[in-house]
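Okay, structure first, notes after.
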Amino acid sequence: MLTLLTRKNIEKAIRHLASDEHFTCDTETYGLGWLDKAFMTGFRHQDGTCYYSREGDKDYEFLIREIIIGTKDICTPVFANPKFDLHRLEWLTGYRFERVHDVIALDHLINPQELTHRLKAIGGRLFGAEEEAEKNAIDAWFIECNDKKKEFWKLPDEILLPYFEQDLVLTNKVFWKLYPQLGNYPKLPELYELEMQVVDVVTRMEKAGVLVDKKYLTKFRAVLEKDQAKLIKELRKGFSVSEDFNFNSSDQLGDLLYNQLGCEVLYTTEKGAPSCNDEALKHIQHPYIESLRAFKLNETYLTKFVDPWLNFSKHDGKLHACFNTMGAVSGRFTCEMPNMQQIMKDPKITRGLMVTPGKVCGHSDLSQIEMVGAAWYTRDDQMLSSLKAGTDLHRDTAANLFNIKPEDVTKHQRQIAKGMNFSVVYGCGKKRLASFLSNHTGVPVPLAEAEYARSMYHGKYPEIRMFSYSVMDTIKRRRDRIIKNYFGRRYFIPTGKEYVGVNRLVQGWAAYVTKYAMARIGPKLNWKTNWMNCQVHDMISWECDIKDQKDVQVMIEKDMTTWPEFDVPIKVDTSILRDTWEA
DNA sequence: GCGCTCCGCGCC
DNA sequence: AAAGGGCGCGGAGCGC
C-alpha cells in the first residue's frame, strides 16, 4: 500500500516504521554521480505500508529528514547497496542512518559461489523469475514518449511507484530469506556486523575525499602536452612513419617493430601476439626506443592520472572515489571513479594530491601484512622467525635459497627471492612466476628456470608446500568447494583452480585485518577535525589537526595492530605528509 | 554512437 | 599437464 508522506501523517508514519525492528528503504536518483539528488525516497514497513515522498511533493526534504531522525536510533533500515543511498540521504537532509542492513552483502557472504549479486539476480535465484510487468510499463512509457535517455525522474507516479515498491518488496523478501541463514556458518554473523560497520566508515571516508592540486596538475598537463608534441615529431622521424601512425596503438607498433624493422620477438601477449609492453620495448635495440618509452610514460601520466583527477575534482576540488566494500572476492575493497588504489608511486603524480591546508596526513601501512598472513597460515618457522626478528624477509629467503649469508645476498638474488615469496601469496603458475621474475630481475627468465626455482623454494620451505597441498586437498574434498578464512569469509573455488585457495585465505585474511581496523577506528574519529580519506588494501590514509597528530596516530596504529589471537608480528609504519602526497 | 574484446599498465 | 592472485581503466579496433 502506497502512502504519500505529508506533514499530517509524518508522526504516525515514524511511529509505525519504528514499531518494527526493520524497514526497507530505497531512493531513486537523477544520475549515478556524487551530487545527483535522490528525487524520490521510500520506506516500507513489513506489513506492506510503503511511505514515500518525491521531489516536488510538499516538504520533501523535511519529511525524509524527520523519518531518518525519528527512526535511526530505534530500528535498522534494510537496503540493497546502502552506500549510494546513504550519501544521498545525508546530502538531502543533513542526517544519516548509521546502522544499516544490506541484502547484497548478505548474498556475498552466504552465496560466494554465485557470479552476480545484483538484487534482481538474487531475487530470480531465490524466488524464481519475477514479474516484469512494472519494468515493462516503464519501457513502454519511454517508447511512447520517445525518450531515449530513459530518465526515471520524468516518469509519472502511476508508472514509477509500482516499480519502486516492487524493489522494496523484493529487498524485504531477500533479507528475510538470507538474514536467518547467517547463523548457519561459523563467525558469519560477526563478519556481517563488521561489514555493516565498514559501510558506515567508508561512506564517511568517501565524503571526506582527497584534495587535488589543480594548479600543479594544470601546469604539469601543459608541460606533458608540449613534451608529447615534441616526442611525436621525433618519433615520426626516427621510425620513418607518416603522420597517421598512432604510437598508442599496439597493433601498429607491433607491425612496425616486428614485421618492418625485424626486431626479435622476446615477449608475447596473452593471446600470443608479439608484445609491445614496456618490458618488451626495453629489450629492443633502436636509437629512438627510449623516446618511445618516454612517450608512453607521458601518456600514462596524462590519461590515467592528470586528466581523470582534473575531471573528477570539478565540484569541490576533491576526489570522492567510490570504494566498493564487497568489490573483490577476497574481501578487499575495490575503488573507482577514480581508482585510488593504483596511484603511481612517482613524485610527479603524488605531488598532485594535497593534504588539507592546516592538517597533517598520515599514511599508516601494515607492514608486509600478506607475508605475515602467509606465515601465520603455513606456520613456516623460517618465515615466522624472520618476521619476528624484523629482518628483511626477502633477503633472508634469498640467503636460504642460495645457501649464503644474508649480508652476501645481491640485489638480483633478493629480487628472485621476493618473486618466490609473492608467488606463494599470489598462487602463481609458472608462467606468471617467470614473468614476475623477468620483470623484477631485468633478465628474461625461461619457464624451466622458473619451475626449477619453484622446486628449490618448496624444498627449502616444506611447510609452505604442505600447507598449499592441504588447502588444495580440502577444496577437492568439499562438496560445495567452499573454504573459509579465519574471520569466516567463505570462498568458492571452481574445479581446476584449487591453487588459488592459498591466495584467497591469505589475501582475505589481510583484507579483514584492515577492515577490522577501519571499523575500530571509525567511531573514534570525530570526522570534523579528523577523518579517514582513503584506503589501499593495507594502508589507511587519515588527516587531522597538526596538534592532534600524535594522539590520532597512536590510536590508529593501536587499532591496526592489536591482535592477541595472532602470534605473528602485525606492525604498522606511518608516514606523515605535510603539504602533498609526494613522499 | 555503443558495447565488446584485446592490450597495456597502475596498485597491493 | 596446466594451471597464471586481486582489481579499474584508457585507447585501439571492430562489429552492429
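The CD1-C1' distance, from I343(A) to dC12(B), rounds to 13 Å in whole Å. Note: CG (D244(A)) to P (dG13(C)) measures 11 Å, nearest angstrom. Separating the CG atom of N248(A) from the P atom of dC9(C) is a distance of 19 Å, rounded to the nearest angstrom. Computed from coordinates, the D278(A) CG to dC7(B) C1' distance equals 14 Å when rounded to whole Å. If you measure from atom NZ of K282(A) to atom P of dC9(B), you get 10 Å, rounded to the nearest angstrom. Per the geometry, CD belonging to E370(A) stands 9 Å off C1' belonging to dG5(C), to the nearest Å. Rounded to a whole Å, the CZ atom of F247(A) is 19 Å from the C1' atom of dG10(C). At whole-Å resolution of the value, CD in E336(A) and P in dG6(C) are 18 Å apart.
Side chain of N324(A) to backbone of M326(A): a donor-acceptor contact under 3.5 angstrom is found.
For the OP1/OP2 pair of dG4(C) and a distance below 4.0 Å, the side-chain nitrogens and oxygens of Y499(A) include at least one atom meeting the criterion. Side-chain nitrogen and oxygen atoms of S275(A) include at least one within less than 4.0 Å of the OP1 or OP2 phosphate oxygen of dG8(B). Distances shown here put every side-chain N or O of Q535(A) at or beyond 4.0 Å from the OP1 or OP2 atom of dC12(B). Between S330(A) and dG6(C) there is no side-chain N or O to OP1 or OP2 distance below 4.0 Å. Contact between the side-chain N/O atoms of T269(A) and the OP1/OP2 oxygens of dC7(B) is found at a separation under 4.0 Å.
Of the candidate nucleotides dC7(B), dG4(C), dC7(C), dC7(B) has the atom lying nearest to any side-chain atom of K271(A). Minimum atom distance to the side chain of T303(A) is reached by dG11(C), of the listed dC12(B), dC7(C), dG11(C). When distances are taken from the side chain of Q252(A) to each of dG13(C), dC11(B), dC9(B), the shortest belongs to dG13(C). Listed nucleotides dG6(C), dG8(B), dC12(B) differ in distance to Q507(A); the shortest reach to its side chain belongs to dG6(C). The nucleotide whose nearest atom lies closest to any side-chain atom of E270(A) is, among dC7(B), dA3(C), dG5(C), dC7(B). Of all nucleotides listed (dA12(C), dC7(C), dC7(B)), dC7(C) comes nearest to the side chain of N339(A). You'll find that the side chain of N277(A) is closest to dC9(B), out of dC12(B), dG8(C), dC9(B). Between dC7(B), dG6(C), dG10(B), one nucleotide has an atom nearer to the side chain of M344(A) than all others, and that is dG10(B).
Taking the ring centre of W309(A) as origin, the terminal cationic atom of R351(A) falls outside the region bounded by 6.0 Å and 45° from the ring axis. For the pair K497(A) and F492(A), the cation does not sit on the ring face, since its NZ or CZ is not both under 6.0 Å from the ring centre and inside 45° of the axis.
Interface remark: the K304(A) side chain does form a donor-acceptor pair with the dC9(B) base, using a distance-only criterion of under 3.5 Å. You'll find a donor-acceptor pair under 3.5 Å spanning the side chain of R332(A) and the base of dC12(B), going by distance alone.
Here M340(A) lies out of heavy-atom contact (under 4.0 Å) with every strand. Residue contacts for V425(A): at a heavy-atom cut-off of 4.0 Å it reaches no nucleic acid atom on any strand shown. Note on D307(A): nothing from the nucleic acid sits closer than 4.0 angstrom, heavy atoms only.
One finds no salt bridge joining K318(A) and E543(A) here, because no Lys/Arg side-chain nitrogen approaches an Asp/Glu carboxylate oxygen to under 4.0 Å. Classification of R293(A) and E290(A) as a salt-bridged pair holds, one side-chain N sitting under 4.0 Å from a carboxylate O.
Looking at W509(A), Y377(A), W376(A), Y512(A) one by one, the single match for ring-ring contact (aromatic ring centres under 6.0 Å, His included) with Y486(A) turns out to be W376(A).
Each of V500(A) and S250(A) has a nearest nucleotide on DNA chain C; the 5'-most of these lies closest to V500(A).
Residue F566(A) qualifies as enclosed at atom CZ: its count of foreign heavy atoms under 6.0 Å is above 12.
Taking atom P in both dG4(C) and dC6(B), the straight-line distance is 15 Å, to the nearest Å.
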